[in-house]
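These figures come from a predicted structure and were not determined experimentally. Numbered from 1 within each chain, the chains take letters A, B, ... in sequence-line order. As a basis for the values below, the full set of heavy atoms in this structure was taken, side chains included, without hydrogen atoms, waters or symmetry mates.
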Protein chains: 2
Amino acid sequence: MVSAAPERRHELLATAAEVFAAQGYNATTVRRIADAAGILAGSLYYHFDSKESMLDEILTGFLDELWGRYDAVLAAGLGPRETIEALVTESFREIDRHRAAVAIYQKESRQLREQPRFGYLDDSQQRFERAWLRTLERGVAAGVFRADLDVRLTYRFVRDTVWVAASWYRPGGQHSPEEIARQYLSMVLEGVALRTRHERRDTNPVTRTP
Amino acid sequence: MVSAAPERRHELLATAAEVFAAQGYNATTVRRIADAAGILAGSLYYHFDSKESMLDEILTGFLDELWGRYDAVLAAGLGPRETIEALVTESFREIDRHRAAVAIYQKESRQLREQPRFGYLDDSQQRFERAWLRTLERGVAAGVFRADLDVRLTYRFVRDTVWVAASWYRPGGQHSPEEIARQYLSMVLEGVALRTRHERRDTNPVTRTP
DNA sequence: TAACCTACCAAACACTTGTTAGGGAAGGAG
DNA sequence: CTCCTTCCCTAACAAGTGTTTGGTAGGTTA
């Protein structure tokens, strides 16, 4: 294993992520990854010291980038509705960029979480939950979101609707990430039922808690 | 392997489903299943002829029951909105009853679909998609659902939001399946954004295509 | 030229995997 | 009692698993 020459590492990680996402982590053999990369299984161990560390590197790379964008949104001081819109849009952009990593995270994180090595998945999920819950509660208090819904249920609802998209989304499809985000947000916020009369909606909260 | 005495089979399938759901199918060893059942690995092969056939039986059992309920709903001649509501409610009831099987289906069906043995997963998914798409289009034509949304995107949206609930739902929690279905439907249909003024909504479509 | 580094191969290692074969204990049926 | 069925155990098998070790072709540096 070597630390320099990060380009080849990156290539191999990309193909590994692709195979992991398609077959599942446990069902993927290192020989299968090596095949996809055009080398032999043992050669992978020149670059990485275990199959698990490949997975680790894929997930941390994804989460680091995601949190970079999330933190920027959360620090921007937007209103609740705008924060949700920005978070969802960033999420779909992340699915567009790191589809394989997102699919792996979606599929394996629940089991990996129990291993100490992947404890950061738990931390990330809790930060994630706090950020969303706080935003939703802020929106309820400001009168932007409905108060008659279980906030935690709403959180899971919004979170899941966003991330499961990684299971069917294919980059280069007919809809851009931004367009998908727009339609998803429209469904989540306004609902799929038709309004009897089109209604004005102000983006500024009616009341504001300081 | 024996065909009679279906009670023990059923017990073993239930524990197998639980382990499959928790660890993933490929990551689950037959020894792990046997441990959970309190017997040894080889003894499982008195009841079943392979690990794969256990999975098969779990999934077909789940799908058969699900389609029994779905067909009843689809044959009831309900309006589009009521059909969606009934389908979603039945889905959450199914998650309540067969949580493990649903979780397995959710996690493994995409990979299993490619094997000929599990081709029925494809058929089921296509029936599923047709039923939902038809109902949504019927609703759009009747003026019950919004016409400005991509119907296929809406379908995936509704489908995913329902079934991913299997990944966090635990029977005996504080919300009943019906209550979760009610809140989910409220979010999907009306949206999480607050209406500026509460609006009357008639359950009967404004216009009706015969 | 000589020494060195990078990226790989070839071959094996210890271990786990799903599965099978043969046997045996318990209990009901005749 | 004997026979038979049910349900499980013991012990092993072959194939596949992640990983290691030693070697080597080709380029770069001195």
Heavy atoms from C-beta onward define the side chain here; which of [options] lies closest to that of [X]?
{"X": "His47(A)", "options": "dT19(C), dA7(C), dT19(D)", "result": "dA7(C)"}
{"X": "Tyr45(A)", "options": "dG18(D), dT19(C), dC8(D)", "result": "dG18(D)"}
{"X": "Thr29(A)", "options": "dC8(C), dT19(D), dT17(D)", "result": "dT17(D)"}
{"X": "Arg8(B)", "options": "dT20(D), dA7(C), dC8(D)", "result": "dC8(D)"}

> Got Glu179(B) and Asp150(A) here, is their nearest side-chain heavy-atom distance under 4.5 Å?
Replying inline: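 No. Closest side-chain heavy atoms not under 4.5 Å.
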>> At 4.0 Å (heavy atoms only), tell me whether Thr28(A) reaches a base, stays on the sugar-phosphate, or touches nothing.
In response: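 If one applies the 4.0 Å heavy-atom cut-off, Thr28(A) turns out to touch the sugar-phosphate alone, with no base involved.
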> How is Ile39(A) classified with respect to the nucleic acid when contacts are heavy atoms under 4.0 Å: base, sugar-phosphate, or nothing?
Replying inline: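 Sugar-phosphate, no base atom in range.
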>> Below the 4.0 Å mark, does dA7(C) have OP1 or OP2 next to a side-chain nitrogen or oxygen of Tyr46(A)?
In response: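 Affirmative; the distance criterion is met.
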> Side-chain donor-acceptor pair under 3.5 Å between Ser109(B) and Arg113(B), yes or no?
Replying inline: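 Arg113(B) and Ser109(B) do have a side-chain donor-acceptor pair below 3.5 Å.
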> Do Asp160(B) and Tyr155(B) have side-chain atoms, one donor and one acceptor, less than 3.5 Å apart?
Replying inline: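 Tyr155(B) and Asp160(B) do not have a side-chain donor-acceptor pair below 3.5 Å.
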>> Assuming nearest nucleotide by heavy-atom distance, tell me which of Ser43(A) and Arg31(A) is located more 5' along DNA chain C.
In response: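 It is Ser43(A), whose closest nucleotide lies nearer the 5' terminus.
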> With under 30° as parallel and over 60° as perpendicular, where do the rings of Trp163(B) and Phe62(B) fit, or are they tilted in between?
Replying inline: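 Geometry flag for Phe62(B) against Trp163(B): perpendicular rings.
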